[in-house]
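Both backbone and side-chain heavy atoms feed into the values below; hydrogens, waters and symmetry mates do not.
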Amino acid sequence: MSSSKKSLTVNQKYNITGWVFLLPATLLIFAMNFYPMIQALILSFKTGIGNNQVWGGLSNYKRLLEDSVFRTALTNNFFYLIIQVPIMLFLAIVLASLLNKKDLKCKAFFRTAIFLPCCTALVSYSIIFKTLFAYDGYINTILLNMGLISSRINWLGQVETAKVILIIALIWRWTGYNMVFYLAGLQNIDDSLYEAARIDGAGPIRVFMKITVPLLRPTILLTTIMSINGTLQLFDESVNLTNGGPANSTLTMSHYIFKASFEYNPQFGYAAAMSYVIFILVAILSFIQMKVGDKR
């Protein structure tokens with residue numbers, strides 16, 4: 001008989017043990033994420049319903065180019081992205097800078113108060129804003145009593161005002177969420193840098209632009225990518241605040257996918273094609289952000 005097989009080394013045993021622990025999570029991730037993505041990609045090339053589905057090639061994607069409702073939804077998403085994301089992130093970084101001051105009293109209270117909106121359920125906060133800005137809601141009542149308006153405004157029933165209310169709601173809910181990331185980043189910046197800048201006579205704005213913003217670049221990049229991804233997938237606000245109206249003026253791509261799948265005559269192949277358009281947009285914008293924002 002030949003000599004017995006060599007036993008495994010300690011490192012090999014550790015590697016095998018690690019893969020054994022990772023295997024269940026890996027299988028679940030594949031089953032719950034990657035497999036549905038592959039099936040959705042295949043579905044996006046099919047037309048018809050149920051057992052009557054047939055291979056349609058690029059017909060669903062060609063239809064997207066001719067669909068005026070999809071173009072409206074896509075335009076709405078980018079409108080929210082261009083207006084809401086910069087305002088929200090700017091407010092978040094300013095609030096984080098203010099709440100990071102050591103001599104500020106009641107810091108814990110203010111931090112909690114600003115962060116709490118993002119803990120509110122999406123449906124709940126949408127109902128709150130819908131109630132506030134209803135035709136007979138509190139906002140109209142207050143403005144009438146103050147004499148700022150002569151008659152009630154249909155905030156959610158007009159194209160321009162409905163978009164503004166939706167943007168305000170998004171800023172109210174997500175500013176505190178991003179502020180927490182900036183607070184964590186600010187606490188990693190050495191105080192000696194700020195002290196040296198003050199000794200040199202730099203004002204608050206100059207300190208903010210020359211020290212705070214550059215040193216928070218990785219965090220700003222992270223929050224920008226997350227905010228862009230979230231805005232392109234916006235759904236709850238469109239559904240619960242305005243139901244996409246008036247006249248699809250606040251409809252988002254995710255909301256339109258939902259309508260195409262479950263409200264209109266079921267068009268799962270077309271909805272899958274729209275989903276992959278969002279996926280591609282998110283991937284492209286994230287790649288651009290990484291290339292532009294990450295100087296490494």
Side-chain angles (χ1 to χ4, degrees), residues 68-92 95 110 112-180 223 226-264 271 274-275 278:
S68 60
V69 178
F70 177 76
R71 288 198 298 270
T72 300
L74 182 64
T75 303
N76 291 339
N77 272 96
F78 275 96
F79 176 80
Y80 301 140
L81 190 155
I82 293 168
I83 302 298
Q84 175 255 335
V85 171
I87 295 174
M88 176 185 66
L89 296 183
F90 176 75
L91 288 175
L95 289 170
F110 290 120
T112 304
I114 296 172
F115 180 74
L116 273 178
C118 78
C119 298
T120 308
L122 288 165
V123 175
S124 300
Y125 105 91
S126 297
I127 292 173
I128 291 170
F129 271 83
K130 196 170 184 177
T131 304
L132 286 172
F133 290 95
Y135 188 77
D136 56 349
Y138 293 109
I139 300 299
N140 274 333
T141 302
I142 292 171
L143 294 177
L144 279 171
N145 292 336
M146 294 176 65
L148 297 177
I149 57 175
S150 57
S151 60
R152 294 182 180 272
I153 300 173
N154 188 7
W155 296 101
L156 299 174
Q158 300 176 22
V159 174
E160 295 80 8
T161 53
K163 286 185 176 181
V164 171
I165 300 309
L166 200 146
I167 289 172
I168 292 172
L170 288 169
I171 292 172
W172 177 81
R173 190 175 196 277
W174 295 110
T175 298
Y177 177 82
N178 290 285
M179 181 197 71
V180 171
T223 54
M226 291 194 305
S227 300
I228 289 174
N229 293 350
T231 305
L232 288 177
Q233 300 173 62
L234 198 62
F235 176 76
D236 295 87
E237 291 78 5
S238 174
V239 173
N240 296 304
L241 266 176
T242 61
N243 197 28
N248 293 328
S249 62
T250 58
L251 184 72
T252 62
M253 290 188 288
S254 295
H255 191 183
Y256 187 37
I257 291 170
F258 174 82
K259 285 178 175 287
S261 300
F262 303 109
E263 289 189 7
Y264 304 151
M274 286 191 283
S275 299
I278 296 178

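- Within the 3.5 Å criterion, the main-chain N or O of M253 finds a donor-acceptor partner in the side chain of N77.
- In terms of heavy atoms, L241 sits closest to A169 at CD1-CB, 4.0 Å.
- With hydrogens and angles disregarded, a donor-acceptor distance shorter than 3.5 Å links the side chain of T252 to the backbone of L234.
- Considering only heavy atoms from C-beta on, L156 comes within 4.5 Å of I165 through its side chain.
- Taking the ring pair (Phe, Tyr, Trp, His ring centres under 6.0 Å) definition, one finds that Y80 meets it with nothing, sequence neighbours left out.
- Taken to the nearest 0.5 Å, the CD1 atom of I139 stands 11.5 Å off from the CG atom of L148.
- Listed by first then second residue, pairs satisfying side-chain hydrogen bond (donor to acceptor under 3.5 Å, both in side chains) with a partner in residues 153-166 read N76-K163, N140-W155, not counting sequence neighbours.
- Side chains of I167 and I171 form a contact here, defined as non-hydrogen atoms less than 4.5 Å apart.
- We find the OG-CD1 distance between S254 and I278 to be 4.0 Å, quoted to the nearest 0.5 Å.
- Under the side chain to side chain contact (heavy atoms under 4.5 Å, CB included) criterion, A271 pairs with I257, A260, S261, sequence neighbours left out.
- Of all non-hydrogen atoms in G157 and P246, the two that sit nearest each other are O-CG, 3.5 Å.
- A pairwise comparison of heavy atoms in S249 and V159 identifies CB-CG1, 3.6 Å as the closest pair.
- In this structure, CG on L166 lies 6.0 Å from OG1 on T242, to the nearest 0.5 angstrom.
- Note: I142 CD1 to I149 CD1 = 10.5 Å, rounded to the nearest 0.5 Å.
- The salt bridge (Lys or Arg N to Asp or Glu O under 4.0 Å) search around K259 returns E263, not counting sequence neighbours.
- In terms of heavy atoms, I114 sits closest to P117 at O-CD, 3.2 Å.
- Residues forming a side chain to side chain donor-acceptor pair (under 3.5 Å) with Q233 (at least two apart in sequence, or on another chain): none.
- The side chain to side chain donor-acceptor pair (under 3.5 Å) test with Y125 singles out one residue from K130, R173, E237, and that residue is E237.
- Taking CG of L95 as the start and CZ of F90 as the end, the distance is 9.5 Å to the nearest 0.5 Å.
- Rounding to the nearest 0.5 angstrom, the gap separating the CH2 atom in W172 from the SG atom in C118 is 9.5 Å.
- Under the 4.5 Å side-chain criterion, counting only non-hydrogen atoms from C-beta, M179 is not in contact with L91.
- The ring pair (Phe, Tyr, Trp, His ring centres under 6.0 Å) test applied to F258 returns F235, F262, not counting sequence neighbours.
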